[in-house]
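I have placed the structure first, in the form of structure tokens, so that the comments after it can refer back to it.
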There are 2 protein chains.
Amino acid sequence: MTSHRDQESPSPAEIGLADRLHSAAIHLLRRLRVEDSAAGLSAPRLSALSVIVFGGPIAMNELARAEQVSPPTISRLADGLQTDGLIERIADPGDRRVQLLRATRKGRRLLEEGRLRRVRTLARALEPLSAADRRLLERAARVLQRISLPDRHPRQGS
Amino acid sequence: MTSHRDQESPSPAEIGLADRLHSAAIHLLRRLRVEDSAAGLSAPRLSALSVIVFGGPIAMNELARAEQVSPPTISRLADGLQTDGLIERIADPGDRRVQLLRATRKGRRLLEEGRLRRVRTLARALEPLSAADRRLLERAARVLQRISLPDRHPRQGS
DNA sequence: TGCCGATACTTAGCTTAGCTAATAAAAGTA
DNA sequence: TACTTTTATTAGCTAAGCTAAGTATCGGCA
């Protein structure tokens, strides 16, 4: 307990916070999953597509790091997105090993539609909240976004 | 755009909020997944186990609703938890169709350990935050928890 | 130039978690 | 008793995650 200072016992308040954040994240995603999957966009696909759309052409390598998943997972995710015509693989002129992923027009459109659908669902859930609560969530989302990023990778989307 | 009034176009602020919440939830879970899976507890298992531990013996039916997944999914999830000795199926005295799920001592212990591990990870990520930001997250988690619940089901855990 | 280790991606093969459809058993009801 | 509804499971599919192993390219260096 007193040996390594970076493994201190967390307080009950911290335990509660972690629990609630975890639980809230799970239930939020489950609720949104229903909407998204109806349009053929699962959460992982949506997240990856978002990075591709907003991050411009990006190497699978980088995408894997940004999404915190292994290269094979990204490879198959890209396969699926490409099969559906949402992205395309293009060659990197400087390095023939890398495959750059670029969103197609269709991909951009679908992302926009999915985001609208999602926000409508969330908006319905958020309706009973006060404006103050909404601002609270807004700020909390930014804080979470800041701490959850694995490294610096200047994206805005997902 | 103007036809059905219950599908109003959301404001850019709402779109941004939905996007950030979605993204934050995904990345938060990805980060915690690494810790949890090391202990054999995936996010879905953890969430279900939490409901079972804190919600007392619960029918699969109810658990499926609480977790917002289909009955077969809960059935297999329960199989896995039971195989690992974390829960047990007991008969409902009043209705012989239902299988009540009850946590074992081992299940309670593992949940507690997982929650500690998780909170340590989160605590590390939360370290650079101010106390005000932490309180912000605490309140936001409660708000999210309130709106993400599918129905009334008086739990506290996940 | 040619070799060799490192890097980028893919393939193979596995697990978990989600779904729908179909089945079995129990409960409720006409 | 016979029909319907409810609860849970099984069967069979897909997506998404992983590790290990394979292929192609790059970069260095003798």
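Chain naming here is simple, since letters A, B, ... match the order of the sequence lines and numbering starts at 1 in each. Predicted, not measured: the structure shown is a model, and the values here were computed from it.
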For [X] and [N], give me the distance from atom [atom1] to atom [atom2], rounded to whole Å.
X	N	atom1	atom2	value
Q99(B)	dA24(C)	CD	P	17 Å
E67(A)	dA16(D)	CD	P	12 Å
I58(B)	dA8(D)	CD1	C1'	15 Å
L63(B)	dA17(C)	CG	P	13 Å
R65(B)	dT6(D)	CZ	P	11 Å
Q82(B)	dT9(D)	CD	P	9 Å
Q68(A)	dA16(D)	CD	P	17 Å
D84(A)	dA16(D)	CG	P	10 Å

Closest to side chain of [X], choosing from [options]:
X	options	answer
P72(B)	dA21(C), dA8(D), dA17(C)	dA21(C)
V69(A)	dA16(D), dT11(C), dC18(D)	dC18(D)
N61(A)	dA8(D), dC9(C), dA12(C)	dC9(C)
V98(A)	dA8(D), dC19(C), dC9(C)	dC9(C)
R97(B)	dA25(C), dA17(C), dC18(D)	dA25(C)
R96(B)	dA20(D), dA17(C), dA26(C)	dA26(C)
D79(A)	dT11(C), dA21(C), dA16(D)	dT11(C)
R76(A)	dA17(C), dG13(C), dT10(C)	dG13(C)

Query raised in the report: So, is S42(B) close to the dT16(C) phosphate, meaning a side-chain N or O under 4.0 Å from OP1 or OP2?
Result: no
Query raised in the report: Is the phosphate of dT10(C), meaning OP1 or OP2, less than 4.0 Å from a side-chain N or O of R89(A)?
Result: yes
Query raised in the report: Does the salt bridge (Lys or Arg N to Asp or Glu O under 4.0 Å) test come out yes or no for E138(B) and R142(B), once each step is laid out?
Result: CA-CA 7 Å; E138(B) 174 70 38; R142(B) 288 178 188 275; 3.2 Å; yes
Query raised in the report: Going through the checks in order, is the side-chain contact (heavy atoms from CB on, under 4.5 Å) test met by E112(B) and R109(B)?
Result: CA-CA 5 Å; E112(B) 195 53 36; R109(B) 185 160 25 87; 5.7 Å; no
**Report entry** Most 5' of D95(A) and S70(A) on DNA chain D, judged by nearest nucleotide
**Finding:**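 This one resolves to S70(A).
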Query - Whichever of G94(A) and T73(A) has its nearest DNA chain D nucleotide further upstream toward 5' - result: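 On the 5' side of the pair lies T73(A).
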Query raised in the report: Which is true for P44(B) with a 4.0 Å heavy-atom rule: it touches a base, it touches only sugar-phosphate, or it touches nothing?
Result: sugar-phosphate
Requested in this report: Answer with base, sugar-phosphate or nothing: what part of the nucleic acid does L77(B) contact at a heavy-atom distance below 4.0 Å?
Outcome: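 It contacts sugar-phosphate atoms only.
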Requested in this report: Kindly indicate, with the supporting measurements, whether the criterion salt bridge (Lys or Arg N to Asp or Glu O under 4.0 Å) is fulfilled by R45(B) and D84(B).
Outcome: CA-CA 11 Å; R45(B) 282 189 176 202; D84(B) 290 353; 2.9 Å; yes
Query raised in the report: Any side-chain heavy atom of M60(B) sitting closer than 4.5 Å to one from L101(B)?
Result: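 Sidechains of L101(B) and M60(B): in contact.
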Requested in this report: Consider only side-chain heavy atoms of I, L, V, M, F, W and Y, link residues closer than 4.5 Å, and tell whether V69(A) and V98(A) are in one cluster.
Outcome: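 V69(A) and V98(A): separate clusters.
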Query raised in the report: Just by distance, do the side chain of S47(B) and the backbone of A43(B) share a donor-acceptor pair under 3.5 Å?
Result: no
